[in-house]
Amino acid sequence: MTSLESARELLREFPVADGHNDLPWALREQVRYDLDARDVAADQSAHLHTDIPRLRQGGVGAQYWSVYVRTDSPDPVAATLEQIDCVRQLLARHPGDLRPALTAADMEAARGEGRIASLMGAEGGHSIANSLGTLRGLYGLGVRYLTLTHNDNVDWADSATDEPKAGGLTAFGREVVREMNRLGMLVDLSHVAATTMRDALDTSTAPVVFSHSSARAVCDHPRNIPDDVLERLPANGGVAMVTFVPKFVLQAAVDWTAAADENMRAHGFHHLDTTAEAMKVHRAFEERRPRPVATVATVADHLDHMREVAGIDHLGIGGDYDGTAFTPDGLDDVSGYPNLLAELLERGWSKADLAKLTWKNAVRVLGAAEDVARGLQATRSPSNATIDSLDG
């Protein structure tokens, strides 16, 4: 049996629980949620990284659908609600393939049914508009993690890619983390500054996640996780989910991406825009200046390092499909996960290791957050603190 055949066999028992996919945002940007125009029951490879046939081919058994909205959205709460509605519409249209999931038990039930457990994660604290009541509202609608920031700071937390302002988390930011613990909502530390990571780990009594981040020691980008933070995951119980985005995994891609982003802005596009018009600008730039290409081996290098520092019990996968213009060779779309597992098998990873990477760790961390929440809810009422009362 080849390593690729072995990988596919393993995924039939322990499928991928992926931490981050931006399909809802791509559907908003491309067709304004016209799900007939982008019917994911059929091959959408001309437009998207994600559709149900390729999810099946890739061995995906659970997916956190990102309900991301841009930080400059005029009404981020309303836009986040629209994103949640998009996920709900997808689940209603495809009940034979996609199963709503809120808990670790739901994830396991979906695996038993042969359906894809569908969870939601809100990407950026701007989605709660400095309101703990809004945070609870998102949880009530099914959101099971909140990424504390996106690319820009929020009033109570510093982002990895903005100028430091809070120095990590403010007092209100720590209260957000405590309220997430009480709810059972995972604290997602992708996108946040290293100072924010450390403050969140100091504050959280539940395991944290990095829904789509790689190792800073392998690729020196501020979006990645420093070793001192990875070293803290065993004590916390958290999980770091490696991402595939070339500019976060391949050092040569960092400078190239900075230039490509500047080119996008010069042409009047947001640097994260993946519409057809924006991609024409991207491709023209790439013709003039060829793009450094990441591969499956590039991502595996990150996982090798992360396993050495954090341990196999604290790793997962968060591809960031449909949230990036480019993907590594061999990980072109959601059908590519078996290629990564085959590479790891060839590097000596055991099937037990891979079962933890793909499925077991992601299920465990959500279940652990639920356990912490049950204890906190017995002793603590919902917090009605405001940013003004705590941060002045």
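Numbers for residues simply follow the sequence, beginning at 1. All values below come from the heavy atoms of this structure, side chains included, with hydrogens, waters and symmetry mates left out.
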Which pairs of donor and acceptor atoms, one on a side chain in residues 272-283, lie under 3.5 Å apart (sequence neighbours left out)?
from : atom 1 : to   : atom 2 : distance (Å)
D273 : OD1    : T275 : N      : 2.8
D273 : OD1    : T275 : OG1    : 2.8

Distance-only criterion, 3.5 Å: show the donor-acceptor pairs between side-chain atoms of residues 311-320 and protein atoms not counting sequence neighbours.
from : atom 1 : to   : atom 2 : distance (Å)
D313 : OD1    : K356 : NZ     : 2.7
H314 : ND1    : G238 : O      : 2.8

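With a 6.0 Å radius and a threshold of 12 heavy atoms from other residues, nucleotides or ligands, R88 has its CZ atom at or below the threshold.
Side chain of E179 to main chain of S383: a donor-acceptor pair is present (N/O by atom type, distance under 3.5 Å, no hydrogens or angles). Using a distance-only test at 3.5 Å, with no hydrogens or angles considered, no donor-acceptor pair links the side chain of H212 to the main chain of T243. Side-chain atoms of D158 do not come within 3.5 Å of backbone N or O of N153 as any donor-acceptor pair.
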Next item on the list: Test V242 against L357 for side chain to side chain contact (heavy atoms under 4.5 Å, CB included), laying out the working first.
Entry: CA-CA 10 Å; V242 70; L357 174 72; 5.5 Å; no

Check: Can you list the steps and then say if E123 with D22 is a side chain to side chain contact (heavy atoms under 4.5 Å, CB included)?
Finding: CA-CA 10 Å; E123 190 177 15; D22 276 301; 3.7 Å; yes

Next item on the list: Output, in order, the C-alpha distance, side-chain angles, deciding distance and verdict of side chain to side chain contact (heavy atoms under 4.5 Å, CB included) for L233 and V208.
Entry: CA-CA 8 Å; L233 288 183; V208 303; 4.1 Å; yes

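In this pair, W156 and F172 present their aromatic rings perpendicular. The plane angle is above 60°, beyond the 30 to 60° band. Between W256 and F326, the ring planes lie perpendicular to each other; the angle is over 60°, past the 30° to 60° tilted range.
With respect to the salt-bridge test (charged N to carboxylate O, under 4.0 angstrom), the residues E175 and R380 qualify. Electrostatic pairing of R374 and D371 counts as a salt bridge here, judged by a charged N lying under 4.0 Å from a carboxylate O. The pair D36-R93 meets the salt-bridge criterion, since a charged nitrogen lies less than 4.0 angstrom from a carboxylate oxygen. Using a 4.0 Å cut-off between a side-chain N of Lys or Arg and a carboxylate O of Asp or Glu, D106 and R115 do not qualify as a salt bridge. Taking 4.0 Å as the cut-off between side-chain N and carboxylate O, R198 and D228 count as a salt-bridged pair. Salt-bridge annotation for D188 and R144: absent, with no side-chain N of the basic residue lying under 4.0 Å from a carboxylate O of the acidic one.
If you check the side chains of S45 and D333, you find no donor sitting under 3.5 Å from an acceptor. For the residue pair S204/N181, the side-chain donor-acceptor check at 3.5 Å is satisfied. Checking T295 against T298 by side-chain atom types alone, a donor-acceptor pair falls below 3.5 Å.
Across every non-hydrogen atom of P226 and A194, the tightest pair is CG-CB, 3.9 Å. Nearest heavy-atom pair across P24 and Q83 is O-OE1, 3.2 Å. Summarising the geometry of A217 relative to H305, their closest heavy-atom pair is CB-NE2, 3.5 Å, with the distance given to 0.1 Å. In plain terms, the two heavy atoms of L132 and A385 that are nearest each other are CD1-O, 3.6 Å. Shown here for H49 and D332, the closest heavy-atom pair between the two residues is CD2-O, 3.6 Å. Listed here is the closest heavy atom pair of V67 and V143: CG2-CG2, 4.3 Å.
The only member of R223, H150, M197 that meets side-chain contact (heavy atoms from CB on, under 4.5 Å) when paired with V192 is M197.
Connection of Y337 to V40 is established within a shared hydrophobic cluster, with ILVMFWY side chains joined at heavy-atom distances below 4.5 Å, either directly or through further cluster members.
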